[in-house]
There are 2 protein chains.
Amino acid sequence: MLTSAALTPIAVHYPGRGAAAMPPATRHAARCSTCAMRHLCMPQGMSAEELPKLEAVICTARAVRRGESLYRAGTPFENLYAVRSGSLKTTMAHRDGREQVTGLRLAGESLGLDGISNDVHACSAIALEDSSVCIVPYAALKRLCRESGAMQERLHKLMGEQIVREASQMMMLGSLSADERVAAFLLDVSGRNVQRGYSSAEFNLRMTREDMGSYLGMTLETVSRTLSKFQKRGLIDTRGKFIRIVDLEGLRDL
Amino acid sequence: MLTSAALTPIAVHYPGRGAAAMPPATRHAARCSTCAMRHLCMPQGMSAEELPKLEAVICTARAVRRGESLYRAGTPFENLYAVRSGSLKTTMAHRDGREQVTGLRLAGESLGLDGISNDVHACSAIALEDSSVCIVPYAALKRLCRESGAMQERLHKLMGEQIVREASQMMMLGSLSADERVAAFLLDVSGRNVQRGYSSAEFNLRMTREDMGSYLGMTLETVSRTLSKFQKRGLIDTRGKFIRIVDLEGLRDL
DNA sequence: CGTTCCGTTGAGGTTGTTCAAGTAATGTGG
DNA sequence: CCACATTACTTGAACAACCTCAACGGAACG
């Protein structure tokens, strides 16, 4: 769990700015070993002698500006990533060019597993705000996994988690109404914020209404109308991309 | 790729009966090392000395009767499985009890990865016909993966494939019309048949219309109407659960 | 400070759902 | 092996949820 104070301000106190608002010194202090990477790289039970190897492998950082892609569908897969600050969306395209948002990654979460099956990325990853990621060369990580059972376990869990998360998303798309989907999405983001040590009630969702709609299988207009409706009912309080959940139970009950 | 002649009749020549139609002797002959397990367990590049270890770990079989569950959501995760004959669906439930079909597994495909993240299964797996699976104890497989890079690679690819498959399914649910979804589904099953050495044009889909609807995010009535429409247009030829694809290109063009 | 992108809201249309009835398959016990 | 019970599939008609098109106000950004 990411509880490092260094990252907290990014999401909570500088909601409109992202990583850019964090002073460079702080940014530098938030090295992988003390921040988001915990989640990917610091399984409990990793021995003192394994840790340095791990850090040697993983700790290269990369900045991605808002709108830029970290990787593109169809390009060779080489690295996994952990979001250090900011947030990204993953998208997938049809033959006919239609694109859909398939995922949202917040600070502390991992990225890039879609490339493992074919050595080519199946999705594109695009920054929703100026962000920074840790680069984890897959080949090196694989080697490490053969040396360390804890590391192997961690990687398996990461993949397993994504499998379950995507299955839940399929369920959501397949059997929930528009209202239910929006509510479930807000609760999901809220829950992930709690996991990462942030507020469950307030957050900045850097996706546009169109991104949300694409992710939730509906149009941007329906997203907007649904959020307005929730607001009228006193369930949430929204001002553009900033969202406060007022009645969490109310959202859960649909 | 599963090309064993022993399995072919199951899907092609005994469409109405499933594994039950195969004589017991044949069934016994179709041991893991020669059949479905290839896909899970016989990565290219596995050395002669690794192979026996592998077989020692994986080759326990289990029969699952139509309608029975191989595992249930919420039960402890211990094994992965490879479908040896027959087919299963995976389902996931909401808090409120609503169930949705989240996957279809044909002979040669793997099953159970949904349990890795939490050591508890997230889905249930239910046989669509009398089926048989190979049991692969996860703990033993993990050990093996640390000894064999090829095995590690294979497991990673399996998980990666499921991640990509589920992302595609999300796309389908999120942005395709009912017609497109049904067509995509038929093409998907057709393609998987080809991969497994069967006919791309003819197959028995043991799911009910309700299962398909649940999987595709629509009602059973819409599935039925859509299939009827495709039939009228000369795209497919259906008689209950048996489906022949007449105009593959036509389906691709929507 | 203008331009572009984003968000909101309304009116009307379409797709897919719901409810209902009837028919075909499947499985079971006699 | 047949008659029956059950489950699965098909089709129709009315309705609702969501989409499309359109117009406008506001925020973000160079």
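Per chain, numbering begins at 1; letters A, B, ... match sequence-line order.
Summarising the geometry, the separation between CG on B:L128 and C1' on C:dT26 is reported as 16 Å, rounded to the nearest angstrom. The interatomic distance linking B:R209 (CZ) with C:dT23 (P) rounds to 19 Å, in whole Å. In this structure, A:E221 atom CD and C:dA11 atom C1' are separated by 13 Å, rounded to whole Å. The distance between atom NZ of A:K241 and atom C1' of C:dT8, rounded to the nearest whole Å, is 13 Å.
Between A:Y81 and A:R105 the shortest side-chain heavy-atom distance does not fall below 4.5 Å.
Here chain B contacts DNA chain D (any atom closer than 4.0 Å to a heavy atom, that is under 4.0 Å), and the contacts span D:dA8 to D:dA13 from 5' to 3'.
Checking B:R225 against B:E210, the closest nucleotide of DNA chain D that is more toward the 5' end is the one next to B:E210. Nearer to the 5' terminus of DNA chain C, by closest-nucleotide assignment, is the contact made by A:M212 (compared with the other of B:K229 and A:M212). Annotation: of the two residues near DNA chain C, B:R66 and B:L176, the 5′-most nearest-nucleotide partner is B:L176.
Heavy atoms only, all atoms of each residue included: A:F185 and A:L205 are closest at CE2-CD1, 3.5 Å.
Heavy-atom neighbours of A:R65 CZ from other residues, nucleotides or ligands within 6.0 Å: at or below the threshold of 12.
The base of C:dT15 is not paired with the side chain of B:R181 by any donor and acceptor separated by under 3.5 Å.
In this structure, A:S228 reaches the C:dT9 phosphate: one of its side-chain N or O atoms is under 4.0 Å from OP1 or OP2.
Each of B:L187, B:D253, B:I236 was evaluated against B:L248; a single residue qualifies, B:L187, per the side-chain contact (heavy atoms from CB on, under 4.5 Å) test.
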Donor-acceptor pairs under 3.5 Å, side chain of residues 175-183 of chain B to any protein atom, not counting sequence neighbours: which ones?
unit_1: B:S175; atom_1: OG; unit_2: A:Q100; atom_2: OE1; d: 2.9
unit_1: B:S175; atom_1: OG; unit_2: B:M171; atom_2: O; d: 2.9
unit_1: B:S177; atom_1: OG; unit_2: B:E180; atom_2: N; d: 3.3
unit_1: B:S177; atom_1: OG; unit_2: B:E180; atom_2: OE1; d: 3.2
unit_1: B:D179; atom_1: OD1; unit_2: B:K229; atom_2: NZ; d: 3.2
unit_1: B:D179; atom_1: OD2; unit_2: B:K229; atom_2: NZ; d: 2.9
unit_1: B:E180; atom_1: OE1; unit_2: B:S177; atom_2: N; d: 2.7
unit_1: B:E180; atom_1: OE2; unit_2: A:R98; atom_2: NH2; d: 3.0
unit_1: B:R181; atom_1: NE; unit_2: B:L176; atom_2: O; d: 3.0
unit_1: B:R181; atom_1: NH1; unit_2: B:L216; atom_2: O; d: 2.8
unit_1: B:R181; atom_1: NH1; unit_2: B:G217; atom_2: O; d: 3.2
unit_1: B:R181; atom_1: NH2; unit_2: B:L176; atom_2: O; d: 3.1

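Counting non-hydrogen atoms under 4.0 angstrom, B:T222 reaches a base of the nucleic acid. Looking at heavy-atom distances under 4.0 Å, A:L220 makes contact with a base. Residue-level contact check: A:S224 touches the bases, meaning some heavy atom is under 4.0 Å from a base atom.
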Applying side chain to side chain contact (heavy atoms under 4.5 Å, CB included), run through A:L106 and A:Y198 and close with a yes or a no.
CA-CA 11 Å; A:L106 308 175; A:Y198 299 150; over 6 Å; no
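Distance from the side chain of B:T219 is smallest to C:dT17 among C:dA11, C:dG7, C:dT17.
Note on B:K89 versus B:D211: salt bridge recorded, some NZ/NE/NH1/NH2 to OD/OE distance being below 4.0 Å.
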